[in-house]
Amino acid sequence: MDWLVTIAQFLVNEILSVPAYLIGLITAAGLLALKKSAGQIVGGAIKATLGFLLIGAGAGLVVSSLAPLGEMIQGATGAHGVIPTNEAIVGIAQDRFGARVAWLMIAGFGLGLLLARFTPLRYVFLTGHHMLFMATMLTMVLATAGLSGWVVVTVGGVLLGILLVSMPAFAHPWTKRITGNNSIAIGHFGTAGYVTAGAVGQLVGKRSRSTEEMKLPEGLRFLRDSMVATALSMLLIYMIMAILYVVEAGEQTAFKAFAADSGEAATGLGNYLMQAVMQGLQFGIAVAVILFGVRTILGELVPAFQGIAQKVVPGAVPALDAPIVFPYAQNAVLVGFLSSFVGGLCTLALLAWVLNPAFGLALVLPGLVPHFFTGGAAGVYGNATGGRRGAALGAFCNGILITLLPAVLLKVLGTFGDANTTFGDADFGWFGSLIGFAGKAGPTGGIVLMLAAGAVVLAGAVLVQKRVVEPGWDPGARRDALLPPGSDGDGTPTSPTGAATGAATGAVPRRYAKLAPPAGAPTPPPPPED
């Protein structure tokens, strides 16, 4: 049986958990189903793979540029606590539960495809690393509840399969508002934060203009370039925290902040400040790389996916990683990141002053990387329904969720609660806590409650799909009615046909053409037909 475990671990750890390989294989399968030539299949698969590798390269640059900033914030404020990092907690868990995680992920992915084929939830979840993270979290929670190995794999596989098709459905009304059609969905376990941001945008937006329509003085017109604006904003944040850190900790300690990740410690105050400037500029480069990678993969994956949609899962919609929405409102990404981080800081204060003394919840420090990716996406969702106010307040609420929920999740992770790290995104927090507390009812009662929770999630997703998504409910329609005639929900001028400038025309109803992609972004194909 060892060879079966080895094969399962290879498939999960070396292929299915690597988004670039998974996307390349999916693209090749789609092109093959479309009967493309061998050259087109190989070229399309490689280009899609490279697109995801570009996203990964950008993410690596983001992590590298944010690492010293996190140390500065902790040193300047004196805050200590748990830092949510998905990769860290997954690495710790793999030593104990590697085989169970492998089988659980394979079972969940297979069930997800069956549910996509035979239910109204036609979403195929393609974010491989998030499948691995959720499989690991479910394994940890179920094992902590005292369930045997095969029960962990069976029950966890069912729950994972349900989540893979359900979470994209819950967010899809807002995703369609962003993209303008039904060609892609969000496949990222920060969905609770994105739905919350979209809902908050509906409540507070009204006549608020889009983040992409900011009016700037002539001297600040260069900030219309989102890459420049992002780099400058991070440069200022870095400089402020660098100064606070050196004042609080002293030069000898502060100069070592840049020595992490094979970097070099500052040699003097001037060198220290200029390294801070460089890290801010590196962050701007990282965002540009991520956006280019997203555009590259959209250009290859979405057309190729029509082959799979037609041959394997009729009417399927690919559910992709959170940065897939970044190109649709690039200023909102920055607004969302900053607002989410502020929300995390406010929630940290609440944990320190109230919730930690009262309930023993851990102090969860705002991790800049999850706040950038989930906060940035939340900003895009909030902007789609509520403009600038929606982007800021919606992402602020996302920051609250990804700080509070990990503190609750630690209560059901058993000995892993002492690992000084945990899962960071919203869906890990709420679903893991729900399943973990259900497991406290005992082996039999716990299994019943867990499966009941999964059934409720699946039924709710089917209800949303049939009653909300398919009828075409537009979450920003009320806001659009308050805007002047001749503009879309984001303030973008419309053509005589009513489609937003730059958006695909004739492929979808007027009510979905809200946010036009930026120049250079590929135009998604029309939605697949059932």
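Computed from a prediction, not measured in an experiment: that's the story for all the values here.
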Tell me, please, which residues at least two apart from [X] pass side-chain contact (heavy atoms from CB on, under 4.5 Å).
X    : value
Q282 : S65, M278, I285
V200 : T196, V204, L393, C397
A192 : A426, D427, W430
A453 : L434, I435

Look only at the side chain of [X] and the backbone of [Y], and say whether a donor-acceptor pair between them is shorter than 3.5 Å.
X    : Y    : result
N398 : A378 : no
E212 : Q330 : yes
R389 : G386 : no
H371 : S340 : yes
R388 : T211 : no
D425 : T374 : no
Q465 : A169 : no
N383 : A332 : no

How many angstroms lie between atom [atom1] of [X] and atom [atom2] of [Y], to the nearest 0.5 angstrom?
X    : Y    : atom1 : atom2 : answer
L132 : L160 : CG    : CG    : 10.0 Å
L142 : F97  : CG    : CZ    : 10.0 Å
M134 : T127 : CE    : OG1   : 11.5 Å
T175 : Y123 : OG1   : OH    : 8.0 Å

Practice prompt. Would you please name every residue forming a ring-ring contact (aromatic ring centres under 6.0 Å, His included) with F428, sequence neighbours left out?
Written response: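 For F428, the residues satisfying ring-ring contact (aromatic ring centres under 6.0 Å, His included) (neighbours in sequence not counted) are H130, F189, F423.
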Identify, with sequence neighbours excluded, every residue that meets side chain to side chain donor-acceptor pair (under 3.5 Å) alongside [X].
X    : value
H172 : N182
T49  : none
T385 : none

Can you give each donor-acceptor pair under 3.5 Å made by side-chain atoms of residues 402-409, sequence neighbours left out, with the distance rounded to 0.1 Å?
| residue | atom | partner | partner atom | Å |
| --- | --- | --- | --- | --- |
| T403 | OG1 | G399 | O | 2.8 |

Check residues 317-327 and write down every donor-acceptor pair under 3.5 Å in which the side-chain atom is one partner and the other belongs to a residue at least two apart or another chain.
none

Worksheet item: Would a 4.5 Å heavy-atom cut-off, applied to side chains only, mark L163 and F431 as touching?
Response: yes
Practice prompt. Compare all side-chain heavy atoms of Y381 with those of I186 and state whether any distance is below 4.5 angstrom.
Written response: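 Y381 reaches I186 side chain to side chain.
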Listing, residues 110-117 side-chain donor-acceptor contacts under 3.5 Å, not counting sequence neighbours, or none:
| residue | atom | partner | partner atom | Å |
| --- | --- | --- | --- | --- |
| R117 | NE | V312 | O | 3.3 |

Discussion item. Which residues pass the salt bridge (Lys or Arg N to Asp or Glu O under 4.0 Å) test with K36, not counting sequence neighbours?
Written reply: none
